[in-house]
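Worksheet: one structure, shown below.
Below, chain A is the first sequence line, B the second, and so on; all start at residue 1. What you are looking at is a predicted structure, and each value in this text was computed from that prediction instead of being measured.
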Protein chains: 2
Amino acid sequence: MVPIHQRILKDIESKIVSGIWPPGHRIPVEHELLKEYQCSRMTVNKALSTLAERGMIIRRRKLGSFVASRQIDRTVMDIQDISTEAELAGHEHSHTMLMRKVERLDAATAMRLGETMGAEILRLHCLHAVDGKANALERRIIMLDLVPSARTESFATVPPGKWLLDMVPWSKARHVIRAVSADATTARLLETERGEACLTLIRQTWQSSRTVTYVEFIHPGDRFQFAGDFHPNESRTIDQLPQGIAS
Amino acid sequence: MVPIHQRILKDIESKIVSGIWPPGHRIPVEHELLKEYQCSRMTVNKALSTLAERGMIIRRRKLGSFVASRQIDRTVMDIQDISTEAELAGHEHSHTMLMRKVERLDAATAMRLGETMGAEILRLHCLHAVDGKANALERRIIMLDLVPSARTESFATVPPGKWLLDMVPWSKARHVIRAVSADATTARLLETERGEACLTLIRQTWQSSRTVTYVEFIHPGDRFQFAGDFHPNESRTIDQLPQGIAS
DNA sequence: GTGACCTTTTTGTCTATACAAATAGATACA
DNA sequence: TGTATCTATTTGTATAGACAAAAAGGTCAC
């Protein structure tokens with residue numbers, strides 16, 4: 001019923017998770033395992049390779065396979081687009097454009113983004129509300145040479161984050177989370193007190209070493225938090241087909 | 001030189017990353033690929049399975065393989081033990097125990113932790129300094145029935161987080177990041193102003209559905225931030241053998 | 001002792017083949 | 001028309017065997 005290689009995988013995993021095999025323990029070599037499980041070496045190899053990819057064991061030719069040190073540190077945070085997140089949680093989301101301006105990168109900002117000064121950008125300010133209550137202030141820069149279609153987009157119906165997700169093929173991103181005190185303007189927009197602790201998420205998105213967009217989300221600290229989990233034994237699974245099936 | 005399956009993997013990956021194959025695109029079936037790359041189906045299959053595990057494609061029997069929707073959201077945050085983090089960055093770390101008390105779980109805390117009231121716990125308060133400057137206030141609860149050796153540990157030399165990492169076999173963890181304003185006590189300990197925005201990290205660690213420890217780190221907002229990256233095409237790799245090689 | 005070379009162990013990759021499982025689409029049938 | 005059944009396609013799993021590559025450890029000549 002359950003494939004053999006998955007059984008082997010679970011078996012070994014549980015020995016590691018439970019502490020029977022502590023970090024540094026040398027696990028049986030493939031030849032011993034194939035005898036134990038009565039299967040071919042390829043099958044054992046698949047199980048062990050998967051464990052190695054997940055970082056639970058380390059394999060070395062001639063030396064063998066060893067239980068890796070734990071690393072609680074690599075936590076997966078679900079940092080999503082704010083509108084997507086609200087929708088998923090069954091909340092109502094809306095946004096208001098506060099500013100939309102085409103300008104050129106000044107020296108300081110260019111330095112911060114790692115881009116060249118003078119490049120044409122679209123600067124957006126946008127207020128997000130969840131269930132009618134102010135939830136985030138968005139300050140965004142979009143590089144117009146990489147996303148020229150942004151020039152004519154008003155972002156009135158689709159929020160910038162969501163819109164961009166569909167425009168840029170694939171990307172890498174860097175996230176920074178900070179705590180800052182709200183200044184007067186921010187406090188007014190977020191309907192909170194001046195000096196109130198706010199959670200700021202900064203996201204810079206690249207496509208092959210060029211910045212696509214740089215954005216700051218400022219959330220009132222009393223209405224927002226980030227959460228993430230670390231599961232050593234679960235690999236992420238995706239089973240939803242994308243909507244538009246293009247040939 | 002480079003294994004074939006890795007070449008196939010990189011090839012397909014680059015087509016996805018560059019946007020040549022957009023989300024929803026049906027990629028050639030294994031039979032076509034093995035003709036293109038002049039290799040066996042197993043080799044093609046390995047490449048495609050790896051891509052599927054990484055979440056870049058979705059495979060369906062009879063239907064074929066499709067490019068998955070992007071999901072910028074699953075970001076890996078390096079949330080480490082504070083002393084480890086300081087060491088790695090080449091900073092000097094020290095800690096001071098402020099409180100160390102054995103007590104029993106009250107109803108409210110038990111509820112919050114999902115544990116039963118009255119269980120024996122060790123409550124720790126601890127101040128962390130990096131390069132001589134206050135960097136975090138740690139408030140921790142350790143379940144004594146799961147970690148009985150904590151009862152006699154003073155945590156004078158090794159900070160609690162690091163000590164626990166070596167004591168508990170493997171575990172899953174949940175992290176929550178929030179922004180809060182410093183109260184008078186916190187402000188005094190962290191050498192900052194009352195009301196100052198602080199970044200709070202809450203971590204709850206389990207071992208097979210039992211809480212091992214629950215901890216809050218409160219960082220001054222002006223001295224701390226979390227950062228994390230999303231790389232679609234890199235799987236995490238570990239190549240460092242654990243120190244103690246036990247047989 | 002030191003370096004060059006060989007042997008052995010263990011993992012890494014690959015092939016060719018086989019059958020199983022899922023399932024979309026076609027076909028037969030009531 | 002709707003339903004049950006068959007068929008073809010595609011991926012999933014497994015096998016047995018082969019050779020390659022890394023690297024520890026041994027051997028031998030110098």
> Which atom names give the shortest non-hydrogen contact between B:N135 and B:H219, and what distance separates them?
Replying inline: O-ND1, 3.1 Å
> B:R140 and B:G161: which non-hydrogen atoms are nearest, and at how many Å?
Replying inline: NH2-CA, 3.3 Å
> Can you tell me how far P of C:dA16 sits from CG of B:N45, to the nearest Å?
Replying inline: 15 Å
> When we call it a touch if two heavy atoms are under 4.0 Å apart, what does A:L48 touch: a base, just sugar-phosphate, or nothing?
Replying inline: nothing
Check nucleotides 17-20 of chain C for protein N or O atoms closer than 3.5 Å to its own N or O atoms and list the pairs.
from, atom 1, to, atom 2, distance (Å)
C:dA18, N6, B:R41, NH2, 3.4

> Taking only residues two or more places apart in sequence, or in another chain, which ones meet B:R151 in a salt bridge (charged side-chain N to carboxylate O under 4.0 Å, His left out)?
Replying inline: B:E120
>> Need two values: the first and the last nucleotide of DNA chain D, 5' to 3', having an atom under 4.0 Å from any heavy-atom of chain B.
In response: D:dA8 to D:dA14
> Who are the side chain to side chain contact (heavy atoms under 4.5 Å, CB included) partners of B:S94, not counting sequence neighbours?
Replying inline: B:E92, B:A129
>> Measure CD1/B:I4 against C1'/C:dC14 and give the value in whole Å, please.
In response: 7 Å
> Do the side chains of B:V67 and B:P22 get nearer than 4.5 Å, heavy atoms only?
Replying inline: no
> Has the side chain of B:K46 got a donor or acceptor that lies under 3.5 Å from a partner of the other kind on the base of C:dT13?
Replying inline: no
> Of the non-hydrogen atoms in B:T50 and A:E53, which two are nearest, and what is the gap between them?
Replying inline: CG2-OE2, 3.7 Å
> Within the distance-only criterion (no hydrogens, no angle test), does the side chain of B:H95 pair as donor or acceptor with the backbone N or O of B:F155 below 3.5 angstrom?
Replying inline: yes
> What is the distance from CZ of B:R26 to C1' of C:dT23, rounded to the nearest Å?
Replying inline: 13 Å
> When all nucleic acid strands are considered with a 4.0 Å heavy-atom cut-off, which category describes B:S65: base, sugar-phosphate, or nothing?
Replying inline: sugar-phosphate
> With no hydrogens and no angle check, is any side-chain donor or acceptor of A:Q204 less than 3.5 Å from a backbone partner on A:L113?
Replying inline: yes
> Is the distance from OP1 or OP2 of C:dT15 to the nearest side-chain N or O of B:T43 less than 4.0 Å?
Replying inline: yes
>> Check this for me: does any side-chain nitrogen of one of B:R59 and B:E30 sit under 4.0 Å from a carboxylate oxygen of the other?
In response: yes
>> With the threshold set at under 4.0 Å for non-hydrogen atoms, list the residues of residues 29-39 of chain B touching DNA chain D in residue-number order.
In response: B:V29, B:E30
>> Taking ring-ring contact (aromatic ring centres under 6.0 Å, His included) as the definition, give me every residue that meets it alongside B:H93, ordered by chain and number, with sequence neighbours left out.
In response: B:H128
> For A:L63 and C:dT10, what is the distance between atoms CG and P respectively, to the nearest whole Å?
Replying inline: 10 Å
> How close or far is atom P of C:dT13 from atom CD1 of B:I8, stated in whole angstroms?
Replying inline: 13 Å
> Where does the angle between the aromatic ring planes of A:F226 and A:F224 fall among parallel (under 30°), tilted (30 to 60°) and perpendicular (over 60°)?
Replying inline: perpendicular
